[in-house]
Amino acid sequence: MRRRPMVWAGLLLGVGLLGWYFWPRSVPPPPVAGPPPHPTSPRILFAERSVPIPEDNPQTPAKVALGRKLFYDTRLSKDNTIACASCHKPEFAFSDGGKAVSTGIFGRKGSRNAPTLTNVGFRRHLFWEGRSPRLELQAVGPLTAHDEMGLEPEELAQRLQAIPEYAQAFREVFGEPPSLRAVTYAIAAFERTLVSYNSPFDRYQAGDDQALSPAALRGMELFFSEKGDCFHCHVGPDFTDDEPRNTALYTVYKDIGLARATGRDEDVGKFKTPTLRNVALTAPYMHDGSIRTLREVVQHYNRGGEPNLNADVLIRPLGLTEQEVDDLVAFLEALTDTSFTTNPALLPPGGKGGTP
Amino acid sequence: MKRGWLVFLWCISAYVLAAPVELKVNLRVGSQPLQWGQTYQTPQGQRYRLDLLKFYISEVALVRPDGREVRVDGLALAEFKRDGPTQGVSVMKLDVPAGQYRGLRFNVGVPRELNHLDAGTQQLPLGVNSGMYWAWNPGYIFYRLEGTALLPEGNQKWVIHMGTDTFRIPVRLHDLQTRRVQINIPPAGGAILLNLDVARAFEPGPGGVFLDWRKQSLRQLHGLSPETSLLMSVVYFNMQSAFSLAQ
């Protein structure tokens, strides 16, 4: 009789262990399907980072392939002339190749400079105001804006459903017909593969002492010093804090930036800090593409910008010499990763070359 | 005796059981039915055509004669597109107890607790497929009116995209003081017909300010931008009286 409680305890323990063993657990998400490593890519510091993947949009090779196809397809626009890649060209690190502002459907001009998509999967805030929280939702903007691609959700869905290869691909990837939502999820999956970490600066970080020129090394010292003072905003692996700031570009801003969304006077002229990766490929600069060269941008900050009540507290005359300005430019140019802009996995599918 | 019980039960069930009611909308320009493709004129003499109207209706309640409300859950997206119907269009289905009401109230917009959820995970009538998600400014467009201005220099598209929690439009169509507003919902259900005068948006505001489409910045009216917030406030104020109960 005395042994009975022990037997029951043993049985309970056994059942508990079996239950623990067989209890259904969430399956860990599959590994990120990024682009295959480029032959010239060394294993370097920032390559260790993995792009955050939202739970409701797991990354699969088929979805990335569909997103890539959509990214380069002009049929996603009202007049069949504009694709995402029309303004985000791979050869310019997915920016608009020398244009201050981009041209949308029916020749309509936008009002802002198309930003690079380099490492865009790491961004916490999107658009120049930084008001969009994720790539899936950001993509709704250009796809539907009347001066960009200009399609209503119904029209986009009908148009893609009428293309048999798309109808089939959406069924296979999402288990449903094409829709604006599915399009944005596929494009976001592709955008998360736009990863760049093979610049001379990255190779220097990895231990290659020859990767940076003497001028770039001097520029790097300035960049991360209080004198150059670039690093407070252009911080972290992608050289951005993702925060909106007024850089004293104008005294009176024609485009009021974040204030357009918040209505607050103190937000007038605030735009998100852009990444500096591949910045030498993404001219012209600033939210409106009003500065043509990197050197002129550095000169703008060296002067301390224009008088502006909302100017960021860090904006002030820097007192850099002409040589120091050149050195900073040399460092910024050393953030260029040509293996990113030529990576075949990121170019138009089917080897069509060129972008729309 | 038996008949008395039957009448009693009928009265009780009529009170307790919900009657199906359709909320229908007639689009008007002034007092006239809206016709797609027709050229209209603002009070300031600017000529325009209408291309699209979409808006959310939420937080609907019918108001009883004693002031109590019968609140209706749910939210609907009303859509009016070129060449589609503009008169007697059903925009929402309600289930309310049969009886006498002194009007109704609702908001044009999305309730705050739904307005800021992740649009990627929401279903119609919300979500990105609604065509009402505001990509650059989290939340939904509540009232979306689009058209074309016929200007001397050529036609220009204009939009009014009213949204953000600040611009949720309250519509109050009840009157407890007089008997002017009477809505009778029989046990079998029925319809409540509303008129919406879309041209009300173009009425001038304080000091005569108006939506001057010759200015490019006023052809994109949206959000809280200080550039346009005065005129957005004028449109917001005007829209509160743009709905009326059809006789």
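Residue numbers begin at 1 in each chain, while the letters A, B, ... track the order of the sequences. Just the heavy atoms: all of them, side chains too, but no hydrogens, waters or symmetry mates, feed the values below.
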Value rounded to 0.5 Å, distance of CZ in A/Arg181 from OH in B/Tyr133: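 Taking CZ in A/Arg181 and OH in B/Tyr133, the distance rounds to 12.5 Å.
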Spatial distance of atom NZ (B/Lys54) from atom CD (A/Glu152) [nearest 0.5 Å]: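 B/Lys54 NZ to A/Glu152 CD: 5.5 Å, rounded to 0.5 Å.
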Minimum-distance pair of heavy atoms, taken over all atoms of B/Ala135 and A/Phe127: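 In this case the closest contact between B/Ala135 and A/Phe127 is O-CE1, 3.4 Å.
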Taking every non-hydrogen atom, the tightest pair across B/Trp136 and A/Glu129: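 It is CE3-OE2, 4.0 Å.
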Verdict with reasoning, A/Glu154 to B/Glu79, per side-chain contact (heavy atoms from CB on, under 4.5 Å): CA-CA 12 Å; A/Glu154 300 85 356; B/Glu79 294 192 59; 3.8 Å; yes
Does a sphere of radius 6.0 Å around [atom1] in [X] hold more than 12 heavy atoms from other residues, nucleotides or ligands, not counting ones at 6.0 Å or beyond?
X        : atom1 : result
B/Arg71  : CZ    : no
B/Arg172 : CZ    : yes
A/Phe106 : CZ    : yes
A/Glu55  : CD    : no
B/Gln216 : CD    : no

Residues of residues 119-129 of chain B with any heavy atom under 4.5 Å of a heavy atom in chain A: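 Residues in range: B/Ala119, B/Gly120, B/Thr121, B/Val128, B/Asn129.
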Top of A/Val183, A/Leu137, A/Val140, A/Asn57 for chain B proximity - count of heavy-atom pairs under 4.5 angstrom: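 So the answer, after comparing A/Val183, A/Leu137, A/Val140, A/Asn57, is A/Leu137.
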Chain B contacts, top residue of A/Thr184, A/Leu156, A/Asp56, A/Leu180 (heavy-atom pairs, under 4.5 Å):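 Answer, by heavy-atom pair count under 4.5 Å with chain B: A/Leu180.
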Atom group of B/Glu146 that falls short of 4.5 Å from chain A, counting heavy atoms: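 Neither; nothing under 4.5 Å.
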Salt bridge (charged side-chain N to carboxylate O under 4.0 Å, His left out) partners for B/Arg200, two or more places apart: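 With neighbours one apart ignored, the set is B/Asp197.
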Portion of A/Thr262 that has a non-hydrogen atom of chain B nearer than 4.5 angstrom: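 When you check distances to chain B, only backbone atoms of A/Thr262 fall under 4.5 Å.
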